[in-house]
Chemist: 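One structure coming up, written as structure tokens, with questions to follow.
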Amino acid sequence: MGVRREGRVAAIATCVLACCLGLSLWLVAGDSAARAASSVLIQREPWGSEQGGKTKVIAVAAPLAACEARIMRQPGRLPTIAVVGASYTAGTGPGNPLLSWAVVLARLLHWNAVIDGVPGAGYVSEGLGRHGPMTRMLNAEGLRPLDPSVVIVQAGHDDVGVPQAAEQAAVRATLGLIHRAAPGARVGLLTVFALPPGGSQALRRTDQAIVAAATVADPKVIIMDPLAGQWKFQHANHGRGLHPTAAGDAWIAGQALAILRAYGVRPVPATSATQPVICDASVGEKQPAGASA
């Protein structure tokens with residue numbers, strides 16, 4: 001009787017384990033499908049020139065891993081920038097991820113890029129679809145094989161109200177992940193955006209917590225602080241919204257580029273024969289067919 005009972009218990013345990021394993025695999029597959037990316041290949045028109053040529057941006061749907069593999073197979077591989085962030089990085093405001101500050105920055109650098117923006121995500125906040133926080137998004141990008149020269153994290157606003165100790169621990173964990181996966185990369189943090197530019201006391205506390213934790217964890221971290229700098233740019237919804245217009249995103253990209261250049265990060269001349277590839281996991285439901293600038 002005892003032997004049969006033990007056998008039934010073992011059988012039940014085996015079934016439960018199999019079910020759990022199946023559920024785990026289903027969840028991983030579902031999450032992977034949800035993070036499908038678009039590969040955005042930047043090409044110059046055949047008649048383009050440095051003075052007057054146009055740049056065509058073509059969005060080609062591809063899984064994130066396939067797009068990243070394209071970067072890693074690139075002959076004469078360009079430097080790579082990896083960016084994770086919240087709604088600003090997702091292109092909220094202009095309503096098109098191809099116009100986000102991160103894509104514009106990659107184009108100004110003439111670098112390869114892997115970009116992921118999740119509205120509502122932070123160092124602690126999971127954001128839309130629970131695809132955050134930043135550590136999860138960085139893991140999804142697979143930094144080690146990409147070997148990026150620069151990694152930028154844009155986050156903070158959506159963590160307002162998180163206890164400072166928890167925020168600082170999450171910032172340290174994020175930097176630690178980057179240092180382990182991409183030890184040769186420079187790390188930049190684009191911190192809290194606010195409207196009005198000076199923000200609220202709660203936002204300032206969050207911003208200060210991020211900067212304090214980051215500078216201790218990495219004394220060489222590049223801080224880009226819109227709140228402390230009171231950055232002013234065009235906002236959507238007739239200037240009343242938090243998010244930027246396309247012109248506002250371009251301004252932010254210009255500011256980020258200027259700060260990076262001050263730290264020795266240099267663009268590749270646009271005359272380079274190698275064309276950059278931008279993998280943007282923020283290009284989701286809308287899937288813009290293309291844009292030109």
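All residue numbers refer to positions in the sequence shown, counting from 1.
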Chemist: Only pairs at least two apart or in different chains count here, so list each ring-ring contact (aromatic ring centres under 6.0 Å, His included) that has a residue in residues 136-164.
Modeler: none

Chemist: Do Pro267 and His110 have side chains that get closer than 4.5 Å, going by heavy atoms?
Modeler: no

Chemist: Taking the side chain as every heavy atom from C-beta outward, state whether Leu203 and Asp207 have any pair of such atoms under 4.5 Å apart.
Modeler: no

Chemist: With a 4.5 Å heavy-atom cut-off, do Leu190 and Pro226 have their side chains touching?
Modeler: yes

Chemist: Would you give me the side-chain donor-acceptor pairs under 3.5 Å for residues 248-262, sequence neighbours excluded?
Modeler:
residue: Asp249; atom: OD1; partner: Trp101; partner atom: N; Å: 3.0

Chemist: When hydrophobic residues are tied together by side-chain contacts of less than 4.5 Å, even through go-betweens, does Leu109 share a cluster with Met224?
Modeler: yes

Chemist: Under 3.5 Å, is there a donor-acceptor pair between the side chain of Asp158 and the main chain of Gly122?
Modeler: no

Chemist: Consider only side-chain heavy atoms of I, L, V, M, F, W and Y, link residues closer than 4.5 Å, and tell whether Trp231 and Leu195 are in one cluster.
Modeler: yes

Chemist: Using atom types as modelled and distance alone, determine if a side-chain donor or acceptor of Asp116 lies under 3.5 Å from a backbone N or O of Leu138.
Modeler: no

Chemist: Could you tell me whether the side chain of Gln74 and the main chain of Gln275 form a donor-acceptor pair under 3.5 Å?
Modeler: yes

Chemist: Determine, using the 4.5 Å side-chain heavy-atom cutoff (strictly less than), whether Val216 and Val187 are members of one ILVMFWY cluster.
Modeler: no

Chemist: Looking at side-chain heavy atoms only, is the closest gap between Ile81 and Pro148 below 4.5 Å?
Modeler: no

Chemist: Give the C-alpha distance, both sets of side-chain angles, the deciding distance and a yes or no for side chain to side chain contact (heavy atoms under 4.5 Å, CB included) between Glu141 and Glu68.
Modeler: CA-CA 8 Å; Glu141 286 192 346; Glu68 291 182 346; 4.1 Å; yes

Chemist: On a heavy-atom basis, which atom in Pro94 and which in Ala246 lie closest, and how many Å separate them?
Modeler: CB-N, 3.8 Å

Chemist: Could you walk me through whether Val150 and Tyr263 pass the side chain to side chain contact (heavy atoms under 4.5 Å, CB included) test, one step at a time?
Modeler: CA-CA 11 Å; Val150 174; Tyr263 283 86; over 6 Å; no

Chemist: Please report the interatomic distance CD1(Ile210) to CD1(Ile223), rounded to the nearest 0.5 Å.
Modeler: 9.0 Å

Chemist: Nearest 0.5 angstrom please: Arg186 CZ to Ile222 CD1, how far?
Modeler: 4.0 Å

Chemist: How long is the span from the CG atom in Asn139 to the CG atom in Leu177, to the nearest 0.5 Å?
Modeler: 5.0 Å

Chemist: Calculate, to the nearest 0.5 Å, the distance between atoms OG1 and CG belonging to Thr245 and Asn237 respectively.
Modeler: 10.5 Å

Chemist: Between Leu175 and Ala217, which heavy-atom pair has the shortest distance, and what is it?
Modeler: CD1-CB, 3.7 Å

Chemist: If we ignore hydrogens and angles and just use 3.5 Å, is the side chain of Arg136 paired with the main-chain N or O of Glu126 as donor and acceptor?
Modeler: no

Chemist: So does Ala214 get a backbone contact from the side chain of Asp218, meaning a donor-acceptor N/O pair under 3.5 Å?
Modeler: no

Chemist: Just so I know, are the side chains of Thr215 and Val221 near enough to count as touching, which here means a heavy-atom distance under 4.5 Å?
Modeler: yes

Chemist: Can you measure from CG (Asn96) to CG (Leu98) and round to the nearest 0.5 angstrom?
Modeler: 4.5 Å

Chemist: Mind listing the closest non-hydrogen atom pair of Pro97 and Ser282 along with its distance?
Modeler: CG-O, 3.5 Å

Chemist: Find out whether Gln154 and Met134 are in side-chain contact, i.e. whether some heavy atom of one side chain is under 4.5 Å from a heavy atom of the other.
Modeler: no

Chemist: Which heavy-atom pair separates Ala209 from Glu167 by the least distance, and what is that distance?
Modeler: CB-CG, 4.4 Å

Chemist: Does any N or O in the side chain of Arg204 come within less than 3.5 Å of the main-chain N or O of Gly199, such that one atom is a donor and the other an acceptor?
Modeler: yes

Chemist: So which pairs with a foot in residues 69-100 pass ring-ring contact (aromatic ring centres under 6.0 Å, His included), sequence neighbours left out?
Modeler: Tyr88-Phe193, Tyr88-His243

Chemist: To the closest 0.5 Å, what do you measure between CG (Asp159) and OH (Tyr123)?
Modeler: 8.5 Å

Chemist: What about Val118 and Val162, same hydrophobic cluster or not, with Ile/Leu/Val/Met/Phe/Trp/Tyr joined at side-chain heavy-atom distances under 4.5 Å?
Modeler: no

Chemist: Run the side chain to side chain contact (heavy atoms under 4.5 Å, CB included) test on Ile178 and Val153 for me, step by step, so that the C-alpha distance in whole Å, both residues' side-chain angles and the decisive distance to 0.1 Å come before the verdict.
Modeler: CA-CA 10 Å; Ile178 296 169; Val153 180; 4.0 Å; yes

Chemist: Considering all heavy atoms of both residues, which atom of Gln168 and which atom of Ala212 are nearest to each other, and what is their separation?
Modeler: NE2-CB, 3.8 Å

Chemist: With side chain to side chain contact (heavy atoms under 4.5 Å, CB included) as the test, would you mind laying out the steps for Ile152 and Leu105 before giving the verdict?
Modeler: CA-CA 11 Å; Ile152 296 180; Leu105 174 62; 3.9 Å; yes

Chemist: Taking all atoms of both residues into account, what is the closest heavy-atom pair of His235 and Leu242, and its distance?
Modeler: ND1-O, 3.0 Å

Chemist: Could you tell me whether a side-chain N or O of Asn112 sits under 3.5 Å from a main-chain N or O of Val277, the two making a donor and an acceptor?
Modeler: yes

Chemist: Can you tell if the side chain of Leu64 reaches within under 4.5 Å of the side chain of Cys279, non-hydrogen atoms only?
Modeler: yes

